[in-house]
Amino acid sequence: MKNEIEFLIQSAIISLVNAGALPEEVAAEVTLSRPREAKHGDYATSIALQLAKPARRKPRELAEAIVAVIGEDARIERIEIAGPGFINIHLSPAARQAVIGEILAAAENYGRSRLGAGRKVQVEFVSANPTGPLHVGHGRGAAYGAALAELLAAAGFSVHREYYVNDAGRQMDILAVSVWMRYLQRCGIDVPFPANAYKGDYVREYAERLYTQEGDGWAVSRQQLLDNLPPDAPEGGDKETYIDALIARVRELLGDNRYRFVFELGLNLTLDDIRDDLAAFGVEYDEWFSERSLTERGRVNKVIEQLRDANLLYEKNGALWFRSSEFGDEKDRVVQRDNGQTTYFASDIAYHLDKFERGFERVIDIWGADHHGYIPRVMAALTALGIEAERLDVLLVQFAILYRGGERVQMSTRSGSFVTLRELREEVGKDAARFFYVMRAASQHLDFDLDLAKSQSADNPVYYIQYAHARVASVMRQLAERGLAHDRARGLAHLDRLTSTHEQALINLLGRYPELIESAALAAEPHQIAQYLRELAQGFHTWYNAEQFIVEDAELRDARLDLCLAVQQVICNGLHLLGVSAPETM
RNA sequence: GCGCCCGUAGCUCAGCUGGAUAGAGCAUUCGCCUUCUAAGCGAACGGUCGCAGGUUCGAGUCCUGCCGGGCGCGCCA
């Protein structure tokens with residue numbers, strides 16, 4: 001409806017221009033807004049105010065000219081010019097009510113848009129290092145990314161959901177060594193656990209697997225392991241230097257095959273865990289993209305050559321540097337270390353290039369806010385490789401802080417006592433977790449109140465919204481119990497009976513939903529959906545308390561039930577986008 | 001020091017990409033169940049939109065400078 005009205009006004013302006021009543025250069029884009037005040041109509045535009053100056057005409061006079069050209073239209077009851085020159089459009093009751101029929105006919109497709117026109121968009125999110133279980137910080141990225149992907153799909157984009165698996169690099173070696181050290185301890189060998197290793201209990205579980213499979217056959221002596229190693233942090237050494245030396249030693253002692261085995265064991269068990277966890281969180285991917293595969297396919301070296309050929313690399317202190325500062329980054333960056341190893345950044349350049357080579361028109365990365373400093377170098381690399389940086393959107397998700405009993409829940413990765421996403425899910429449930437994570441703008445720090453998320457009351461927005469959905473189902477059950485049947489067509493034929501302010505407000509809200517999908521998708525703001533659903537549920541609860549639906553008058557009854565079902569459908573569709581279930585009973 | 005994000009009601013936050021009298025929820029106070037789920041509804045109370053300038057018909061929204069908070073500034077990933 002909004003688009004139709006916009007088109008109407010746009011056409012009016014064009015015909016004024018054609019008639020010479022307006023200079024050509026004023027043909028601006030007409031945008032409609034939903035006025036806050038009901039008396040300002042269903043839609044309003046300030047186009048006359050915007051055009052007044054370039055057209056050298058008084059705003060109200062211009063508004064009158066535009067309105068005169070529009071003339072009569074069946075969808076419009078009346079058009080008013082208000083204030084300094086706003087054009088307020090009041091839809092005809094029939095045009096407004098028609099949305100109920102549209103919703104019931106389109107069902108789960110109501111609100112879907114062709115805005116994206118099938119354009120290929122990739123959304124990469126979570127992509128946490130597979131060195132341990134996901135924690136609550138990753139949960140927000142997961143919930144946000146999944147909701148955004150759904151939203152873009154609903155807006156007509158062809159969406160590809162991807163998880164970038166950092167299965168190469170030093171962090172994975174540290175995990176392998178962590179597992180190996182726990183294994184040795186399991187074998188009864190007294191070795192100190194490195195300061196920089198992964199201390200979580202899951203590492204012991206992985207080691208137990210290895211022990212179950214191999215017994216103590218892969219064990220070595222303390223002497224063999226530690227001989228001539230530099231001191232670890234507790235002995236006054238450097239934990240980084242120590243762990244690197246230890247990694248080299250373990251490799252040497254185990255040999256390639258066995259080292260590989262331990263490495264893969266850690267990687268695969270962790271990935272299985274992450275996959276299961278996300279699946280239970282309602283988050284599914286189209287692709288799990290391996291970082292290692294980039295190296296194996298020579299993509300990293302290839303991109304380095306590409307940069308070298310473009311004369312964008314130089315050597316300094318034995319390392320290879322990319323001139324990213326020439327493309328807006330604050331300093332140049334190393335792509336290959338003095339030991340010959342390529343950096344994570346080098347892989348990331350190859351990865352982003354690969355994304356665009358796979359044909360995505362637009363690529364969205366969702367990162368934790370702590371990675372924001374990394375954006376300019378990735379953008380610089382893309383620009384250097386001839387890809388317009390605008391095609392990549394890096395969306396930052398701020399931290400979520402958990403509160404329990406009014407107290408901040410402390411999290412510490414170092415001690416291994418962090419709160420995992422799984423624990424959160426088990427404590428508050430998938431629905432509440434998914435909803436709470438996306439109910440605020442991603443750019444806002446999120447206070448996640450665990451007690452509220454668990455509470456089954458109106459204070460809890462998830463239950464409030466789900467309750468509205470369940471209430472409709474309950475009304476329909478009551479109807480059946482009273483031996484009555486719902487006649488949708490009869491209701492649709494008598495929508496003019498829905499005259500109360502509550503009903504009008506609900507109908508207006510329902511009509512906004514398709515516009516909301518588009519605006520939320522374009523702005524990458526799933527929280528708009530969450531806010532809207534609360535508003536819609538509130539409108540429904542208010543109506544529910546004010547009026548009986550199951551009344552004697554069958555025409556009125558069916559009209560009201562049609563509205564009920566339309567509300568239920570939109571709540572269901574909206575919750576689906578957010579990954580929250582829509583229960584029939586509560 | 002430099003860069004990014006954020007400052008809106010006592011608290012947690014919206015504010016539709018510059019519009020009309022700044023809105024919700026919670027908290028507080030007062031009401032509503034013999035009637036479709038009270039996991040609900042209604043009402044009241046509550047604001048120098050961090051501060052100061054600027055841009056214009058019009059600024060919570062855009063620009064500049066301060067103040068306050070978060071995060072980041074590795075040959076880690």
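Per chain, numbering begins at 1; letters A, B, ... match sequence-line order.
Among the protein residues, A/Q398 comes within range of the sugar-phosphate backbone only, with heavy atoms under 4.0 Å from sugar or phosphate atoms but none that close to a base. Across all strands, A/A441 comes closer than 4.0 Å only to sugar-phosphate atoms, never to a base (heavy-atom distances). Nucleic acid contact class of A/E315 (heavy atoms, under 4.0 Å, all strands): none. Contacts of A/N196 with the nucleic acid, taken as non-hydrogen atoms under 4.0 Å apart, are absent. Residue-level contact check: A/A44 touches the bases, meaning some heavy atom is under 4.0 Å from a base atom. Within 4.0 Å (heavy atoms only), A/D338 reaches at least one base atom of the nucleic acid. Among the atoms of the strands shown, none is found under 4.0 Å from any heavy atom of A/D348. Residue A/S443 is classed as a sugar-phosphate contact, given heavy-atom separations below 4.0 Å to backbone atoms only. At the heavy-atom level, A/H527 lies under 4.0 Å from the strands shown only through sugar-phosphate atoms. Within 4.0 Å (heavy atoms only), A/E481 reaches no atom of the nucleic acid at all. Looking at heavy-atom distances under 4.0 Å, A/S474 makes contact with a base. Residue contacts for A/R440: at a heavy-atom cut-off of 4.0 Å it reaches a base atom on one of the strands shown. A/R170 comes within 4.0 angstrom of the backbone, heavy atoms only, and of no base. Heavy atoms of A/F345 sit nowhere under 4.0 angstrom from any nucleic acid atom.
When the nucleotides B/C41, B/C71, B/C75 are ranked by their closest atom to the side chain of A/H541, B/C41 comes out on top. Nearest to the side chain of A/M586, among B/A77, B/G72, B/A39, sits B/A39. Distance from the side chain of A/N317 is smallest to B/C75 among B/G19, B/A77, B/C75. For A/Q444, taking side-chain heavy atoms from C-beta onward, the closest of the listed nucleotides B/C6, B/G42, B/G25 is B/C6. Among the nucleotides B/A20, B/G15, B/A24, the one closest to any side-chain atom of A/Q538 is B/A24. Checked against B/C13, B/G72, B/C36, the side chain of A/R482 finds its nearest nucleotide in B/C36. With distances taken from any side-chain atom of A/Q548 to the nucleotides B/C36, B/G72, B/G19, the minimum falls on B/C36. Of the candidates B/C41, B/A77, B/C75, B/C75 carries the atom nearest the A/A319 side chain, counting heavy atoms from C-beta on. Checking B/C36, B/A14, B/A77 against the side-chain heavy atoms of A/F549 singles out B/C36 as nearest. Side-chain atoms of A/S46 lie closest to B/G19 of the nucleotides B/A24, B/G19, B/A39.
Residues A/T241 and A/D232 form no side-chain contact, since every pair of their non-hydrogen atoms from C-beta on lies 4.5 Å or further apart. Using a 4.5 Å cut-off on side-chain heavy atoms (C-beta onward), A/L533 and A/L578 make contact. Using a 4.5 Å heavy-atom threshold, the side chains of A/E535 and A/R512 count as touching. Contact annotation: the side chain of A/V165 approaches that of A/P130 to within less than 4.5 Å [non-hydrogen atoms, C-beta and beyond].
Atom CD of A/Q528 is separated from atom P of B/C16 by 9 Å (rounded to the nearest Å). With rounding to whole Å, A/Q531 atom CD is found 16 Å from B/U8 atom P. Protein atom NE2 of A/H445 is 7 Å distant from nucleotide atom C1' of B/C71, rounded to whole Å. Here B/C16 presents its P atom at 19 Å from CG of A/N3, a figure rounded to the nearest Å. Atom OH in A/Y351 sits roughly 17 Å away from atom P in B/A77 (whole-Å rounding). One can place CZ of A/R377 at 12 Å from C1' of B/G3, the figure rounded to the nearest angstrom. Between the CD atom of A/Q50 and the P atom of B/U55 there is a distance of 21 Å, rounded to whole Å. Summarising the geometry, the separation between CG on A/D329 and C1' on B/G74 is reported as 13 Å, rounded to the nearest angstrom.
Nearest-nucleotide positions on RNA chain B for A/K39 and A/T585 put A/K39 closer to the 5' end. Judged by closest nucleotide on RNA chain B, A/K2 is the one of A/K2 and A/E291 placed further toward the 5' end.
Between A/W543 and A/F549, the ring-plane angle classifies as tilted under the 30° and 60° cut-offs. Between A/Y437 and A/F448, the ring planes are perpendicular. Angles over 60° get that label, and only those under 30° would be called parallel.
OP1 or OP2 of B/G42 has at least one side-chain nitrogen or oxygen of A/T542 nearer than 4.0 Å. Put simply, A/Y464 has a side-chain N or O that comes within less than 4.0 Å of OP1 or OP2 on B/C41. Between A/R337 and B/C76, a side-chain N or O to OP1/OP2 separation shorter than 4.0 Å is present. Look at A/R471 and you'll find a side-chain N or O under 4.0 angstrom from OP1 or OP2 of B/A38. One finds a side-chain N or O of A/K331 lying less than 4.0 angstrom from the OP1 or OP2 phosphate oxygen of B/C75.
Formation of a donor-acceptor pair under 3.5 Å by the A/E315 side chain with backbone atoms of A/A319 is not found in this model. Using a distance-only test at 3.5 Å, with no hydrogens or angles considered, no donor-acceptor pair links the side chain of A/S474 to the main chain of A/A470. Looking only at distances, a side-chain donor or acceptor of A/D167 sits under 3.5 Å from a matching main-chain atom of A/R292. Judged by distance alone, with hydrogens and angles left aside, the side-chain atoms of A/R170 form no donor-acceptor pair with the main-chain N or O of A/D244 at under 3.5 Å. Under a 3.5 Å cut-off, the side chain of A/R333 and the backbone N or O of A/A346 do not form any donor-acceptor pair.
Evaluation of atom-type donor-acceptor distances gives a pair under 3.5 Å for the side chain of A/H372 against the base of B/C71. Taking 3.5 Å as the limit, the base of B/A77 and the side chain of A/D173 contain no donor-acceptor pair of atoms between them.
Checked by atom type, the side-chain pair A/Q528/A/E525 shows a donor-acceptor distance below 3.5 Å.
B/C16 takes the anti form, because its glycosidic angle lies more than 90° either side of 0.
Atom P of B/U17 sits at a distance of 37 Å from the matching atom of B/G1, rounded to the whole Å. Across B/U8 and B/C51, the matching P atoms stand 10 Å from one another, rounded to whole Å. Distance check on atom P: B/G18 versus B/A27 gives 36 Å, rounded to whole Å.
Residue A/F86 and nucleotide B/A20 are classified as a stacked aromatic pair, their ring centres being separated by less than 5.5 Å at an interplanar angle below 30°. Where stacking is scored as ring centres under 5.5 Å apart with planes under 30°, A/H40 registers as stacked on the base of B/A20.
Where pairing requires Watson-Crick or G-U contacts shorter than 3.5 Å, the helical stems of RNA chain B with at least three consecutive pairs are B:1-7 with B:67-73, B:10-13 with B:23-26, B:28-32 with B:40-44, B:50-54 with B:62-66.
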